[in-house]
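Since the structure comes first, as structure tokens, the remarks are kept for the end.
Chain letters run A, B, ... following the sequence lines, proteins first and then strands; every chain starts at 1.
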Protein chains: 2
Amino acid sequence: MKLGWDDIKTVHALVRGGSLAAAATELGVNYTTVARRIQRAEDTLGLKLFERLADGYAPTDTARLVAEHAAKMEAEEHSLMRQLAGRDGRLSGKLTVTAPQLLIAHLLAPMLETFVKQHPEVDLRVPATNDILDLSRREADLAVRISREPGDTLKGLRLARQHTASFATQGWADRIAADPSAPIDWILYDAYPRLPDIVTARYPSSRVRYRFDDMVAILGAAQSGLGLARLPMFLGRVTPGLVQVPVLPPQPYADIWVVGHADVWPSAKVRAFRDCLVPHLRARRDLFVGEGDLSTSPQVG
Amino acid sequence: MKLGWDDIKTVHALVRGGSLAAAATELGVNYTTVARRIQRAEDTLGLKLFERLADGYAPTDTARLVAEHAAKMEAEEHSLMRQLAGRDGRLSGKLTVTAPQLLIAHLLAPMLETFVKQHPEVDLRVPATNDILDLSRREADLAVRISREPGDTLKGLRLARQHTASFATQGWADRIAADPSAPIDWILYDAYPRLPDIVTARYPSSRVRYRFDDMVAILGAAQSGLGLARLPMFLGRVTPGLVQVPVLPPQPYADIWVVGHADVWPSAKVRAFRDCLVPHLRARRDLFVGEGDLSTSPQVG
DNA sequence: TTTCATACATGCGTTTTTGCACGTGTGAGA
DNA sequence: TCTCACACGTGCAAAAACGCATGTATGAAA
């Protein structure tokens with residue numbers, strides 16, 4: 001007659017996932033277990049929760065009602081887990097820090113090594129993804145993000161201000177220096193699909209030749225000499241084979257932040273990681289910005 | 001690394017109950033199961049949740065934090081269960097109706113028989129207790145209560161207005177009729193520990209001889225001829241051996257209500273029960289009130 | 001039509017969880 | 001001091017839950 005809380009959670013997962021397999025993955029169990037828990041829940045309630053269709057389990061209104069309440073219970077669970085994490089004074093156990101792939105590869109990796117040497121008991125995990133992980137759900141304890149603001153509900157520290165500029169192979173740089181009116185090929189990122197006005201005004205021979213949705217692909221294309229790319233300063237500077245070209249002068253860009261949920265922020269491990277990360281990036285702050293006037297006078301990199 | 005919801009619930013039950021046995025009773029499991037779940041929770045969290053003392057488990061701050069969040073999850077669970085009950089259109093399964101013992105014994109029993117005959121599939125449970133069961137937690141689906149108001153968060157229907165009056169054996173009635181100034185012994189209920197002013201004014205020979213905390217005891221004492229008792233009209237009238245005596249004229253008293261949580265109110269079973277209960281009591285409404293002027297002229301019962 | 005992928009059902013052996021019986025320690029009351 | 005009630009720990013066997021392997025149905029793609 002009594003429905004267990006884990007069964008409520010299972011109904012919720014199945015309503016969200018739409019299939020036994022999806023729900024099972026979310027819960028970390030075999031999908032047959034999900035099927036059996038649903039069956040048990042229906043039996044104890046005496047109500048049908050899902051229609052078994054050929055292409056999956058379709059939730060009834062009843063199941064949706066259950067899932068709605070389960071979502072609130074889950075929010076409460078996440079709040080609890082965050083607060084437990086925040087009170088945790090140990091420098092051991094799991095710590096999850098997420099950052100964009102390219103930031104890790106070029107900037108964070110050495111610092112991560114320093115951290116794990118200082119705190120060998122910490123089980124550090126670094127999901128290197130461009131996805132925005134949900135810090136409320138503790139998909140990560142800390143996130144290094146490139147954005148204008150830390151976000152409404154999150155605590156954050158600005159690690160560095162950033163500029164972008166144009167980068168290409170030395171060949172492109174030489175050619176443009178020799179003849180500024182020669183055709184210039186651009187490689188564009190889908191997230192910024194237009195050439196800046198300053199470029200079209202000063203270099204009307206610019207033309208867009210490639211568009212990519214992936215920054216790694218852009219880097220590769222630029223290294224191969226396919227054209228100019230607008231890159232964050234640090235990325236252009238640390239990428240072998242690229243030099244800054246003075247077509248697009250340094251432009252303000254989104255800053256680098258480290259952000260975390262306020263509940264988790266006080267945790268010993270999170271504090272220790274920040275104490276390692278913040279000086280590391282601030283010491284290199286010059287790497288992220290261009291030199292000289294940002295709006296008018298082009299600079300040679 | 002992940003704490004199951006049922007384990008969170010177990011921590012909550014143990015914080016509330018204070019001992020393994022109490023928590024186990026609440027959860028409907030063996031107490032060893034509680035001990036093992038707590039142990040498992042501590043292992044997966046890597047935190048101590050309870051101090052094992054000679055006289056029970058003492059919660060740590062951590063456990064209290066868990067319990068606090070669990071309480072909110074539980075509230076959400078109760079809300080869900082109420083809404084599921086409210087949507088239940090079946091006239092089968094469990095239905096719990098609570099009422100004060102004396103109301104059931106003297107008034108409701110015949111009506112209950114009618115109801116179960118009309119709805120044989122309903123598994124009717126009637127906790128006959130003077131305790132106020134928590135309708136939010138679904139300790140009962142409906143409650144018949146004697147009170148001034150139905151309560152803030154509850155739905156309710158007034159079944160009958162009530163009066164009280166003085167009752168005693170025929171011997172007392174005769175004696176008082178023969179000599180109104182003779183000594184009158186009273187049996188008082190702890191909840192109303194004073195004689196009404198109207199009694200002391202008109203019958204100054206009144207004296208309090210007995211005080212009881214239980215209404216059944218008062219009935220017995222009055223039946224045994226120990227003195228006069230102030231009783232709800234219906235109770236005095238249906239109790240063998242008692243007659244109304246005109247010392248205390250009929251006085252307004254708390255009404256009889258049937259109340260339920262708004263979520264549960266629309267349920268088919270609850271509606272069916274109300275449809276049986278309300279006419280039954282309203283048809284007998286004269287039983288609950290005295291005749292004539294309520295404040296000045298005493299009546300002979 | 002055949003093949004493949006998705007999504008679920010079912011049977012079986014294993015693992016986990018649970019209940020029960022029994023034992024320990026402690027404090028209140030005779 | 002003795003006994004009893006209470007609260008908890010432990011070992012073992014039963015029960016429940018689980019994962020895996022296998023089989024079926026359906027729809028899309030070759």
B/Arg40 CZ to C/dT18 C1', straight-line distance once rounded to whole Å: 11 Å

What is the distance, rounded to the nearest whole Å, between atom CG of B/Leu53 and atom P of C/dG27? 11 Å

Spacing between B/Asp7 atom CG and C/dT17 atom P, to the nearest angstrom: 9 Å

With heavy-atom distances below 4.5 Å as the criterion, would you say the side chains of A/Asp141 and A/Ser267 are in contact? no

Given atom CD1 of B/Ile38 and atom P of C/dT17, what is their separation to the nearest angstrom? 14 Å

Proximity to the side chain of B/Thr32 - top-ranked nucleotide from C/dC20, D/dG19, C/dC8: C/dC20

What is the distance, to the nearest angstrom, from the CD atom on A/Gln39 to the P atom on D/dC18? 14 Å

Pair A/Glu74 + A/Arg137, salt bridge at N-O below 4.0 Å: yes

Salt bridge check, A/Asp7 against A/Arg40: does any charged N sit closer than 4.0 Å to a carboxylate O? yes

In whole angstroms, the gap separating P of D/dA14 from CG of B/Asn30 amounts to 17 Å

Report yes if a donor N or O on one partner sits less than 3.5 Å from an acceptor N or O on the other, where the partners are the side chain of B/Arg36 and the base of D/dG9; otherwise report no. no

The side chain of B/Thr33 lies closest to which of these nucleotides: D/dG19, C/dT18, C/dC8? C/dT18

Does B/Tyr57 place a side-chain N or O at less than 4.0 Å from the phosphate oxygens OP1/OP2 of D/dG9? yes

Do NZ/NE/NH1/NH2 and the carboxylate oxygens of A/Lys72 and A/Glu68 come within less than 4.0 Å? no

Please state how far atom CZ in A/Arg37 lies from atom C1' in C/dA9, giving the value in whole angstrom units. 18 Å

Does B/Tyr31 make a side-chain donor-acceptor contact with the base of D/dG9, cut-off 3.5 Å? yes

Checking contacts here: which listed nucleotide (C/dA21, C/dT26, D/dC18) is nearest the side-chain heavy atoms of B/Ala54? C/dT26

Which nucleotide wins on minimum distance to the side chain of B/Leu20, given the candidates D/dG9, D/dA7, C/dC8? D/dG9

The side chain of A/Arg52 lies closest to which of these nucleotides: C/dG19, C/dA9, D/dG19? C/dA9

Between P on D/dG9 and CZ on B/Phe50, what's the gap in Å once rounded to a whole number? 12 Å

Is any NZ, NE, NH1 or NH2 atom of the basic residue among A/Arg37 and A/Asp6 found under 4.0 Å from an Asp or Glu carboxylate oxygen of the other? no

